[in-house]
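I have placed the structure first, in the form of structure tokens, so that the comments after it can refer back to it.
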Amino acid sequence: MTDEALATPSPAVPSTRAPSLTGVFVRLKLSLLRNGLHQSPGRAVAYVASLAVGLLAAAGVVLGLTALRGNAHAGALAVLLTGLLTLGWAVMPLFFPSGDETLDPTRLVMLPLRPRPLIVSLLVASLVGVGPAFTLALVTGTVIMLAQGAAAAAVGLVALVLVVLVCVTLARAVATASVRLLTSRRGRDLAVLSGLFIALGSQGVNIAAQKLGRPDGLTVLEPLGAVLRWVPPASAMAAVDDAGRGSYGRAAVGLALTALALALLLWWWQRTLTTLMTSPDSSTLQAVEKDSARRSGGGERGLARLLPGGRTGTVMLRTLRYAWRDPKSKMGWATALGAGLLVPVVSSLQGKGSIYTAFSASALLGMQMYNQFGQDTSAFWMVASTIATPRDAYEELRARALTLALVAVPYVSLVVIGTAALIGPWSGFLEVYGLSLALLGALLATGALSSALFPYSIPSEGNKNIAPGQGAIAWFSLFGGLLVGAVLSAPLLGLTIWLHVAGLHGLLWVLLPVGAVYGTGVAELGLRVAAPRVAARLPEILVAVSKG
């Protein structure tokens, strides 16, 4: 090439301005929402229905908060609502990791994106949706309830923006920090527990609503409000109340605390996002190394060393592993354990409980014995191949019952003791404990028999616990078994009533040993009656549990 050619200036290349990253992410979020609605009419109807319910709930909340305008305890209520709202945003990514596909930043690791503009774009895109809209409505209603005067209204506008941004940023930061966990098997197991979390939370809200419904209900919020008013982002709501009362210095401190919290959350989010997008995912290699180290140790470890030998120990270990590793089994166990504790606690808080509410522990744990073979899903054929005689079936059922008793007996003991301490009286402890053990044994017996006579399939995929066409069998198995279990418990219940009517209260202690022996005996009888039926109906059971 000549010097003249080198000296000749090259033609100017027209510069093309890159599109705004924020606009791209907002359009991406809208596209995901639109495409999700186009997948099926049912999904579109569900989304529209949830949107309508959310808007109606938001409207009702705004009207209710507006009606409390001028109330002397409005400030305490405002900071409490803001704290609960923030807590909800913090735990939402943990229990609903698949609710928003844009919550997974690992999808963007191959793109040439810098962390700072990326978090701005993700933050703006996160403001699109039903959740942010509901949050905005709730915070708006809270500001309207608190704002008294022009200064308070101005502070309220700033507080509104800060609270919404803190909530959304907190959810994003938590999701980014825990995305590796949430996309793993353990994370999906954690998401399965969301139903239990919602159940416990709804009961807490129900109890709080009953207490707040009293004429002086809002006064109980003042001690808690005095603490939460300095915790961001509730401090921003407290700043609105302070500005309305003329305490401008306190209002400035409240806003500053929330702004500082927002800055720290953004910094944490940027740091975790940078680490996530620049470091390799070695979780699989670590799991392999840990598993290799575990295997190289030789021999059995942990709980396996404490279980009996032979078929009994093998079946017990397998059942415990199913309960820990299989999401649906884990959900069933977690629900039973949580609800068994919840019933006495709720009754105690409502002030109308009885020590007999401890029966919920035995009832809910005993129900885990039902449909034992359906819980194995498609893996039951391997179990069926080891059952050739009634003796094999008896050992299989006995081991499963022993596994359930291994958890249920200590759990029932804990619930009965706790109920006696919370509700009382302690004089009823021995009889309730004995009746609980008898009921547990009766349900183990009927559960074994029901598993043999009325097996049904549990689909391995989706949220259904009963395969299509087997609903009647499942309901008959459950309620029929519970009815028979109640009948089997009737003799001990009759003895309890007779001792009370005869005034022999000093002999009520005998119900504990009698209940323990009776529960063990009736459970053993049920296993022996069910075992030959399992061996005889094994092909039918295998077909029934494999339909899902």
Side-chain angles (χ1 to χ4, degrees), residues 333 336-337 339-341 343-344 347 353-372 394 397-421 423-452 477-531:
W333 279 89
L337 293 171
L341 283 173
V343 171
S347 300
S354 167
I355 192 174
Y356 292 101
T357 57
F359 289 150
S360 61
S362 295
L364 292 170
L365 262 296
M367 288 167 60
Q368 299 302 308
M369 188 65 188
Y370 287 74
N371 196 34
Q372 277 292 309
Y394 169 75
L397 287 172
R398 183 186 62 182
R400 293 176 183 243
L402 286 174
T403 307
L404 184 57
L406 183 67
V407 178
V409 172
Y411 174 78
V412 168
S413 304
L414 176 65
V415 172
V416 175
I417 293 173
T419 305
I423 301 176
W426 279 103
S427 58
F429 167 72
L430 295 178
E431 64 175 286
V432 172
Y433 195 12
L435 288 171
S436 297
L437 295 177
L439 177 60
L440 178 62
L443 292 179
L444 290 178
T446 57
L449 189 60
S450 177
S451 298
S477 169
L478 180 60
F479 288 104
L482 289 176
L483 180 61
V484 176
V487 173
L488 291 177
S489 304
L492 201 65
L493 182 60
L495 175 61
T496 305
I497 295 174
W498 179 77
L499 290 175
H500 278 280
V501 172
L504 302 175
H505 298 89
L507 295 177
L508 287 173
W509 63 270
V510 302
L511 292 173
L512 177 54
V514 171
V517 173
Y518 181 83
T520 303
V522 75
E524 177 69 15
L525 178 63
L527 294 175
R528 293 192 176 276
V529 171

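Along the sequence shown, the residues carry numbers beginning at 1.
- The heavy-atom pair separating Gly340 from Val415 by the smallest distance is O-CG1, 4.0 Å.
- Pairs of residues two or more places apart, or lying in two chains, that qualify as salt bridge (Lys or Arg N to Asp or Glu O under 4.0 Å) and include a residue from residues 518-527 are Glu524-Arg528.
- For residues 497-521, there are no salt bridge (Lys or Arg N to Asp or Glu O under 4.0 Å) pairs, not counting sequence neighbours.
- Residues in residues 493-519 take part in no salt bridge (Lys or Arg N to Asp or Glu O under 4.0 Å) pair, two or more places apart or across chains.
- In this structure Ala420 satisfies the side chain to side chain contact (heavy atoms under 4.5 Å, CB included) test together with Ile355, Trp426, Phe429, sequence neighbours excluded.
- In this structure, Thr520 has no side chain to side chain donor-acceptor pair (under 3.5 Å) partners at least two apart in sequence or on a different chain.
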Give the table of side-chain donor-acceptor pairs shorter than 3.5 Å for residues 433-444, with sequence neighbours excluded, one pair per line with atom names and distance.
from	atom 1	to	atom 2	distance (Å)
Tyr433	OH	Ser413	OG	2.3
Ser436	OG	Val432	O	2.7

Applying side chain to side chain contact (heavy atoms under 4.5 Å, CB included), run through Leu337 and Leu364 and close with a yes or a no.
-> CA-CA 8 Å; Leu337 293 171; Leu364 292 170; over 6 Å; no

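- Annotation for Ala452 and Ala530: closest pair CB-O, 4.0 Å, computed over non-hydrogen atoms.
- When every heavy atom of Leu397 is checked against every heavy atom of Met369, the shortest pair comes out as O-CE, 4.0 Å.
- Considering all non-hydrogen atoms of both residues, Gly447 and Ser451 come closest at O-OG, 2.7 Å.
- Residues passing the side chain to side chain contact (heavy atoms under 4.5 Å, CB included) test with Leu507, sequence neighbours excluded: Leu499, Leu504, Trp509.
- Rounded to the nearest 0.5 angstrom, Leu404 CG and Gln368 CD are separated by 7.0 Å.
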For a quick test of your reading: what N or O donor-acceptor pairs under 3.5 Å do the side chains of residues 480-498 make, sequence neighbours left out?
from	atom 1	to	atom 2	distance (Å)
Ser489	OG	Gly485	O	3.0
Thr496	OG1	Leu492	O	2.9

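- For Val529, the side chain to side chain contact (heavy atoms under 4.5 Å, CB included) partners at least two apart in sequence or on another chain are Leu449, Leu525, Arg533.
- Contacts of Thr446 classified as side chain to side chain donor-acceptor pair (under 3.5 Å), with partners at least two apart in sequence or in another chain: Tyr370.
- For Ala399, the side chain to side chain contact (heavy atoms under 4.5 Å, CB included) partners two or more places apart in sequence, or in a different chain, are Thr312, Val315, Met316.
- The backbone N or O of Ser354 sits less than 3.5 Å from a side-chain atom of Thr357, completing a donor-acceptor pair.
- Within the model, atoms CD of Gln372 and OG1 of Thr403 stand 8.5 Å from one another, a figure rounded to the nearest 0.5 Å.
- With sequence neighbours left out, His505 forms a side chain to side chain donor-acceptor pair (under 3.5 Å) with no residue at all.
- Of the possible polar contacts, none joining the Thr419 side chain to the Pro344 backbone as a donor-acceptor pair under 3.5 Å is found.
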